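Have a look at the structure below, then the notes.
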Amino acid sequence: MLFLQLLLNGLQTGAIYALTAAGFALIFGATKIFHVAHGTAFTIAGYVFLFAWGAGWPSWLGVLASIAAAMVFGIVMERLVYRPIQRHEGSFFTVFVAAFGVSIVVQNIIGMIAGRGFATVDTPLSFSAEILPEIFVAPMLWISLATAGVLFVALTLFLTRHPAGVALRALAQNPDLIRTYGLSSNGLSVLAFAIGSALAAPAAIVTAMTTGLNEAIGHHVMLISIAATIVGGIGSLRGAALAGMMLGIAESLALTVVDTQWAEAVSFLVLFGFIIFRPAGIFGVTQTR
Amino acid sequence: MIGRRGALATGLALPFIRPAFAQTAEPYVMGSLFPMSGPNAEFGEAFTRGAQVAIAHINADNMLRRPVRLQSEDSQALPQPSVIGMNKLINIDRASWVLSSWTATAKAIAPIGDRAKTIMVNGGGVGPDLSGLSPYFWNVIALAHLEVQAIVPFLVNQRNVKRVALIYVDDPLGDGILGQLREQLPRHGASLVGSYSVPRAAQQFGSVVARVRQSRPDAIYIASFGAQQAQIVKGLRDNGVTQVICSFSGFGLDGIRTLPEAEGALFTTQKLDFESGDPITKRFATDYQARFGQAPVTYHANYYNAAYLFGVLGRQVEQAGGEVNGETMRAAMLATRKFNLVGGEGEFDELGNMLTQLQVNEIRGQRVIAVG
Amino acid sequence: MTGIALRSENLSRSFGGVQAVAGVSLSLPEGQVTALVGPNGAGKTTTFNLITGNLRADSGTAEIRGKPIMGLKPWQVARLGVARSYQDLRLFTHMTVRENVLAATETSSWFWQPGGRRAQQQREHRAESAMEATGLTALADARAVDLAYAERKFLSMARILAAEADIWLLDEPASGLDLSSRIRFGTLLKDAQARGVAICLIEHNLDVVVELSNRIAFLDQGKVLAEGDPQTILKDPALAAIYFGDRPQEAA
Amino acid sequence: MAASTGGLNRSRPTTAHAIEATGLSAGFGGREVLQDVSLTLKAGEILCMIGHNGAGKSTLLRVLFGLHRPSTGGMRVFGETPSNYTPAALGAAGVALVPEGRGVFPDLTVEEIFGLALWSAGVPKSGQRERIDEVLDVLPRIKEFRGRRAGTLSGGQQQMVSIGRALLTRPRALLLDEPSIGLAPKLFQDLIRPIAALRESRGMAILLVEQNVREAFAVSDRVLVMRSGKFIFEGAPSELDDHAKLMELF
Amino acid sequence: MTAFLINLATLAAISGILASTLNFIVGYAGIFSVAHAVFFGLGAYGGAQVALLLVPNPFLACLVAAVIAGGLSLCLALPALRVRGEYFVAASLGLQMVAATLFAELKPLTGGIGGLVGIPRPEILGTIVPVLPLALAALALILWATARLQRGTFGRTLQSIRDADSAAESLGKNVNAAKTLAVVFACAGAGVAGALYALHLSFINVESFTLDQSIQIMAMVIIGGAGTLWGPLVGAVLLLSLPAVISFIPFIPPTEVGAVQQIIYGTAMTLLMIFRPAGLLGDMSKGKSTA
């Protein structure tokens, strides 16, 4: 019974991880920008929803505002931070440090505006009921799983069926060639940031409703996204989403075996193991060299 | 929101509204080393407010010949920034009285303060390892082992609790509480049925809760900090745990008090009856309410006391004709021992730990009510 | 008296069911230039990779002057005197031309190189002459990434020269080179050949093949279909149909 | 020199040349690669451009397709001045570039690559079928591997897809950058001949940059030799049949 | 004032060692580690235990720290041999997270979150010595060694591996050996910094050896200029003194002190990267940087 309960808990965590990881993977895959401020988009989206809720907006409007805020943040990052850097030198860690600086700034601004500490959206959706003896499930579990599922299918369809999605995949493979095809790599890169960041919003809203937010929450989300992207195989959205789900479940199920304080380390041990033994990830193509 | 913005405005105005004699004398500098950014900044903000009210009172009453100024440094709750901040407070700002909090900060600055003979006062950290770090390191808060001793009989006798589960962060505080629960519960005929340590950064608690539920407790004791405490409470309630939640003084935060899921939670604090006739307590409660637009809680009171004590001891030293510094104030403290502070009389032991009476509080309708 | 510098027997390798190299037996005599020709996907580059240890062969053997090299790491094969170039050059892009060439002379991976100052001077001398031979002396302090196309190709050759190997495996070293560069390149090969270096080159341009090589090995579908002197091979009508289109006689 | 004839046609757009570029200069970071180059690509001709490595041939192609901004000079495409020197604007004006190397995305299928090209050219869904059929008529072998990922194709097949992709935009001026690299001679012939035939059937002009002089001359109408960012020879391929003459120019 | 500056200088020297050694593998070998704090921590715990259990001799502490950190750096070398670029960043991230958990849980060795307290001050021949001269000496030694190695053949070997490891290998370089050697050298250096840190602070706990610390060291290298000799040192001094300098800004309301400081700090980081992407001492004219 405990196993089933932990599995269900893991699924909910996994759905959140899968969505953020898919967003990170989309951005990283298409633009090769290691967007460590992805967690910041998550935080912003969560707090915008929180404010909208607090201001008494209808929830659909709050969701839209949250998605819009995440997208705007992603686009602003691309245009004002990443693009100027890449115009000069575009080194991997230059981008890393710049994005890290931004995440520090945003975290503290949120702390000043929204108050430091814990904040949550109070909704009955996160309240569990006993569906089977000893098994407690909140409606939020089904909502988050469905959201993750629907968004993932939509994203897959977009990337395979819509030419703009195909163009994003093309950008990932050979950015220099994009212009020869008459397309704008800058425009596509903005698109990747917009969609990728938007994916963080639903996850952030679910988090706001369940575990609650604090201004530093983006940090952990970003780490998990990175781990899932690598475990899933760079360039594979399917892999990142699946790996995000897996990490969520592993973190939860690990509790049947190890003590609770080790649960998080399990995720990163999985990551480390994957890199040593299967660097290509679940779906990636081997390219260790 | 509005309350906070108001606080911000007051804070901004603060440096300009010093008493008139500020121009004539170089102020005494009181330092503070709290986490002012990062995940624990909520505490730093609360601590600072308490101290701000105390300093305003000291200055308004002209308790000392020179005004007192608060110099705030951000410790980030990390050793290295704490050490840099402490060095600045001692060597640049010439602070002889530093308010601190947090295990890492306290332990990192204790040797520096010890060498410089600077008084360090803790009113937030309750880990048992904070006792006796240095003759100059004092605690104006009852350390956690005492808190456990206070709540266990209440739980067993008043709430008929037989089985307790503990969720704790694996640090000296958590370990201290774990040890105390193991010892105290059987003594009162109850038992510790499970203990679950969580990493400091953990944010998802659904799975931990599932294991807590398995142990079928009558009450769950939480030993964590800041935002994480609230997340654990919400995790427990969301996942169908309806039993009593209890904790130590760390629960005395707005984030918990206003959390709907925390309704009915029990926690211990120093005895503090704002409605009592005690003038010091009353003045503090009124002025705090006026200044920040909300009722104070224990943490505000603790750091009010921590800062106010400087005024009391400083006056003693000044009146005896001495120079106000760590050494003279420590001597004054050891000579006096008992002080009238917010919440009543507090008494220091040899090590500089203040013993106060403890009370058990319950959160009811977003208010903290003393219940035992 | 010329011996066989490198010999491979029945090298095979498949990737996920596709037989890329299916039993290649090849011998490279000292002082000879062997051109490896064949249609795209015939397994030419894979053969190089199997010999140098970059890929592990499914079966087959290879030896350098009788010493078996199967299972050795690429750096071990290199230290036995095999130098190779890559189609995509793989220059040390952010290092200067001189550093690129010097790096080719230093094989120790330890904090310093053995042999002290004297050996260091010898290596520097070797690097200078390699740059001179490839016409890069004037560009010695330019970074590889800033070089023009042909200069990069010559830098790749300079590294091989400086490495003082006696077996060269060159992957399309002349592709994209203009006529005069090609002639300069030819001189490099001729000089090496005269020193007894065994050279194997992959090349598509027939002019280059005819100009530079004295032997041809014709590869198709992972097998050596024919091996011998250029005249004979290029006139073989069966090979011509596969490879040269309808104008083989011109090429010959 | 080619440029000198350019002025004559400016007043008669109906018989305009495919591309008329005048006074183009371009460079990278202070190094001038093209110096005041003028070039005319006549409608329906195959013009072959040869020259040293680094002579500026690829840069010229990139400038003509709007991938690289010239510092001076301008161009007209079929008598019209393009609205903008960008690949999109020049593509709309009828110019297409087949870049050096493999001009395909390895993880996309051939279908997807074609879809991408049609989308970026703004061809509506209804017209796409017809365009693809047109290309398959010219390069029928593409049918054999339409569903495969480009990365799994051989070099020749990839080059075929890359050219097919360019043809989908119905170019009237096709720029080919060293299409023979890495291809066996027979493959190259198989590839270039159907393209060359389009010059008659559609009046398409082709600008071919090649190192492989033998193969390129076989299909070209006119040859330009470039050295250090300037043209130093213009004439018929036959004039350069003499090896010595060619050597002298290099 | 002096004591404040001495403390800052000591911490700057220690950070300088960390940044220089990290730069050695980031700037030259292209090994992008975000686990440098792990080896800093290993050295700190090792050095602290020597001082606590044996003698507070700084040389012995540094030696033990270097051996422990260098020895365990094989944990980092292992993924470095298998993968590169973003993959390696993620591997080192995993190592960092797991190591931080271990530091927090192995209480007998590390004291857990409570840390190790009362580490004695360093003594040489019975006299207590300040850490600053020791740290400066170690920094000078490590800078000298890195400079020698960077300019010498080993630096060239590493750079060639960074730019094209397969080509380096086919020129006879044992890539794995060279990478391992570089990692061991850099991590041993970080270990020395750790021992000095423990002796200077007298107290250490896991919070000084977390991912944030690793990222800060990385930021020092990048902001100063990866692949330059003095850049990391400049970056270390800058990032360390910036918050200290900001704390002198008057009239920040006490409750917002931390946030305002952090905002200035973060903004400075971002702006520096936008306008000096190659780092303060990096050469902007050189095309794309490799770090």
Side-chain angles (χ1 to χ4, degrees), chain A residues 25-26 28-32 86-90 155-192 195 229 232-240 280-287 289, chain D residues 29 58 61-62 64-69 84-125 128 149-152 158 161-163 165-166 168-169 171 174-177:
Chain A
L26 178 73
F28 181 62
T31 65
K32 297 287 175 290
Q86 297 216 317
R87 201 174 294 145
H88 296 284
E89 293 261 325
L155 191 64
T156 312
L157 285 178
F158 172 72
L159 288 174
T160 50
R161 299 290 161 81
H162 195 279
V166 176
L168 282 184
R169 285 161 55 213
L171 180 67
Q173 294 160 34
N174 189 345
D176 297 332
L177 197 55
I178 282 287
R179 295 185 65 208
T180 307
Y181 276 51
L183 296 163
S184 151
S185 54
N186 284 343
L188 286 175
S189 156
V190 166
L191 181 68
I195 298 177
T229 303
I234 287 179
S236 164
L237 228 57
R238 186 167 53 133
I282 306 174
F283 291 115
V285 189
T286 307
Q287 34 174 223
R289 289 265 155 103
Chain D
S58 286
L61 285 197
R62 290 175 63 82
L64 290 180
F65 190 60
L67 286 169
H68 192 87
R69 189 160 273 284
N84 207 340
Y85 288 106
T86 63
L90 287 162
V95 184
L97 171 70
V98 177
E100 190 182 339
R102 306 285 171 245
V104 294
F105 298 102
D107 285 341
L108 298 189
T109 64
V110 177
E111 296 269 13
E112 284 174 327
I113 287 172
F114 282 5
L116 195 58
L118 289 167
W119 179 65
S120 82
V123 180
K125 272 257 182 290
Q128 296 193 349
R149 287 190 307 126
T152 65
Q158 289 185 20
V161 173
S162 178
I163 292 175
R165 189 278 307 168
L168 279 176
T169 63
L174 186 65
L175 316 177
L176 293 169
D177 198 355

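Since we're looking at a predicted model, the values are computed, not measured. Order of the sequence lines fixes the chain letters, A, B, ..., with proteins taken first and strands second; residue numbering starts at 1 for each chain.
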Q: Return the option, out of D:Pro87, D:Ala121, D:Gly66, with the maximum number of heavy-atom pairs under 4.5 Å with chain A.
A: D:Pro87

Q. Just wondering, do D:Asp107 and A:Arg169 contact through their side chains at under 4.5 Å, heavy atoms?
A. no

(Q) Is any side-chain heavy atom of A:Val166 closer than 4.5 Å to one of D:Phe105? (A) no

Q.
Quick one, A:Leu26 with A:Leu159, criterion side-chain contact (heavy atoms from CB on, under 4.5 Å). Give me CA distance, side-chain angles, the key distance, then yes/no.
A. CA-CA 10 Å; A:Leu26 178 73; A:Leu159 288 174; 4.1 Å; yes

**Q.** Part of D:Ile113 lying under 4.5 Å from any heavy atom of chain A
**A.** both

Q.
At a 4.5 Å cut-off on heavy atoms, which part of A:Ala172 comes close to chain D: side chain, backbone, both, or neither?
A. neither

Q) Which heavy atom of D:Gln158 sits nearest a heavy atom of D:Ala150, and at what distance? A) NE2-O, 3.1 Å

Q: Mind ranking D:Glu112, D:Arg62, D:Arg165 by heavy-atom pairs under 4.5 Å with chain A and telling me who comes out on top?
A: D:Arg165

(Q) If we define contacts as heavy-atom pairs under 4.5 Å, which of D:Leu67, D:Thr169, D:Leu97, D:Val104 has the most with chain A? (A) D:Leu67

**Q.** Gap separating the OG atom of D:Ser58 from the NE2 atom of D:His68, nearest 0.5 angstrom
**A.** 12.0 Å

